Visitor: 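The structure is given below, and queries will be raised subsequently.
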2 protein chains.
Amino acid sequence: MPKPITFGQFLRESRESKVAADRGFSLRKVAERVGIEPSYLSKIERDEQPPPGEGVIRQLAVELSEDPDVLLAMAGKVSSDLLAIIRSRPRLFADLIRQLKNLPDHAVLRLVREVRDGSW
Amino acid sequence: MPKPITFGQFLRESRESKVAADRGFSLRKVAERVGIEPSYLSKIERDEQPPPGEGVIRQLAVELSEDPDVLLAMAGKVSSDLLAIIRSRPRLFADLIRQLKNLPDHAVLRLVREVRDGSW
DNA sequence: ATGGGTGTGTAGTAAATACTACACACATGC
DNA sequence: GCATGTGTGTAGTATTTACTACACACCCAT
């Protein structure tokens, strides 16, 4: 297994990869746009503090052009809209997700596409 | 819509439906088997306190022979094993679940069965 | 009338969550 | 050499989560 990258590391790398080309990606600037204190973001990026709440993570995803679901996953969370969908039909979705647990990506992707393309 | 039943109401009804036939389903006895204080269970059943944590909910499900996923959903939660599955492949599962959001039950059920019966 | 069982009221606590506010030290450009 | 911008250190706070401990009042059976 490739060593698991932490939420903070990922954020820092994403941000630093952009700050060279655009000075608007300094820690302070990003923190301001996101709406949090710079010191807070600093601690998060160094994994000194646990990841922030969903709202802040979503803002960070926007600012850094990252996938919100991936960022949330790294933070040990799952998007609240997905939770709501599952809660609306718990048995159905619980069964399905557990069935899919060990299926390879391509098989699940096939499902996604079939559903989307409406062969239903 | 039929008025939404609360977590506490559901628990109380489930327990009281059993206590007539089996005195082991008194609030105190159930609380003891579950491993919580009777006063705590009392407050939960009357929705005076928010629902307990996942572990206690699972114990309640066992004692009352209810579906854990349904009970968790009523408590506004989602089973932690499902969360772990989603977090392991966030983009894949996020896409899939959002696709299925508005599909009728029978269509999702068909998916579940097809996957289970391994036409894959 | 008392002992065991019932549910409930009151009062608390420990830990986690999600942050803020401000000061500090360093660097860099003008 | 001073302002401006950089990241970081320290010290806190409010809210939520997840409960415990114990006392009280009622019922009913012996």
Side-chain angles (χ1 to χ4, degrees), chain A residues 6-61 63-64 68 71-72 74-80 83 87, chain B residues 6-61 63-64 68 71-80 83:
Chain A
T6 69
F7 180 75
Q9 283 165 12
F10 185 82
L11 274 193
R12 172 139 299 186
E13 283 171 24
S14 174
R15 188 179 59 76
E16 300 220 309
S17 76
K18 285 153 188 119
V19 77
D22 184 340
R23 266 181 237 75
F25 286 91
S26 80
L27 186 149
R28 277 166 183 272
K29 297 278 177 59
V30 170
E32 190 182 11
R33 288 200 299 276
V34 166
I36 57 175
E37 288 289 314
S39 62
Y40 187 36
L41 180 53
S42 170
K43 277 172 285 192
I44 289 167
E45 285 192 354
R46 285 171 296 127
D47 298 301
E48 199 193 292
Q49 286 264 306
E54 179 168 348
V56 168
I57 292 178
R58 287 191 177 285
Q59 275 300 312
L60 286 167
E63 292 303 329
L64 301 176
L71 235 49
L72 284 165
M74 286 185 182
K77 300 177 198 272
V78 170
S79 180
S80 56
L83 299 183
R87 284 200 308 266
Chain B
T6 69
F7 179 76
Q9 283 165 13
F10 185 83
L11 274 193
R12 172 139 299 188
E13 284 170 24
S14 174
R15 188 180 59 77
E16 300 220 308
S17 77
K18 285 151 188 121
V19 76
D22 184 340
R23 268 180 235 79
F25 286 91
S26 81
L27 186 150
R28 278 167 184 272
K29 296 277 175 60
V30 171
E32 189 182 13
R33 288 199 299 276
V34 166
I36 58 175
E37 288 289 313
S39 62
Y40 186 37
L41 181 53
S42 170
K43 277 172 284 192
I44 290 167
E45 285 192 354
R46 286 172 296 128
D47 298 301
E48 199 193 292
Q49 285 263 303
E54 179 168 345
V56 169
I57 292 178
R58 288 192 175 284
Q59 274 301 312
L60 286 166
E63 292 303 329
L64 301 175
L71 234 49
L72 284 165
M74 286 187 180
K77 302 178 198 269
V78 170
S79 179
S80 55
L83 299 184

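Since we're looking at a predicted model, the values are computed, not measured. A, B, ... follow the sequence lines: proteins, then strands. Residue 1 opens every chain.
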Visitor: Hey, can you pull the residues of residues 6-31 of chain B with a non-hydrogen atom under 4.0 angstrom from DNA chain C?
Guide: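 Per residue number, the list reads B:R12, B:R15, B:S26, B:L27, B:R28, B:K29.
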
Visitor: Which value, rounded to the nearest 0.5 Å, describes the distance between A:M74 atom CE and A:L11 atom CG?
Guide: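 If I round to the nearest 0.5 Å, the distance is 9.0 Å.
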
Visitor: Would you list the pairs meeting side chain to side chain donor-acceptor pair (under 3.5 Å) in which at least one residue belongs to residues 18-34 of chain B, sequence neighbours left out?
Guide: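 Listed once each, the pairs are B:S14-B:K18, B:R33-B:E63.
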
Visitor: Atom CG in B:L71, atom CD1 in B:I57: separation rounded to 0.5 Å?
Guide: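 Reported to 0.5 Å precision, the distance equals 6.5 Å.
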
Visitor: Kindly compute the distance separating CG (A:L27) from OG (A:S39), expressed to the nearest 0.5 Å.
Guide: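 One finds 9.0 Å between CG of A:L27 and OG of A:S39.
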
Visitor: Considering only residues two or more places apart or on different chains, which pairs with a residue in residues 43-55 of chain A satisfy side chain to side chain donor-acceptor pair (under 3.5 Å)?
Guide: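 Counting only pairs at least two positions apart or across chains, the side chain to side chain donor-acceptor pair (under 3.5 Å) contacts touching residues 43-55 of chain A are A:T6-A:D47, A:R12-A:E45, A:R15-A:E45, A:S42-A:R46, A:R46-A:E48, A:E54-A:R58, A:E54-A:S80.
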
Visitor: Write down the atom of A:P51, the atom of A:A75, and the distance for their closest heavy-atom approach.
Guide: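 Looking at all heavy atoms of both residues, the closest pair is CB-CB, 3.6 Å.
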
Visitor: Could you check whether any side-chain heavy atom of B:P52 comes within less than 4.5 Å of a side-chain heavy atom of B:I44, counting everything from C-beta outward?
Guide: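 Result yes, sub-4.5 Å side-chain heavy-atom pair found.
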
Visitor: Just by protein heavy atoms under 4.0 Å, how would nucleotides 9-21 of chain D read 5' to 3' in B, S and -?
Guide: BBB------SBBB

Visitor: Do A:V30 and A:V19 come close enough that some side-chain heavy atom pair is under 4.5 Å?
Guide: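 They are not in contact (no side-chain heavy atoms under 4.5 Å apart), so the answer is no.
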
Visitor: Take atom CD of B:E45 and atom C1' of C:dT8, then tell me their distance rounded to the nearest Å.
Guide: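 After rounding, the reported distance stands at 12 Å.
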
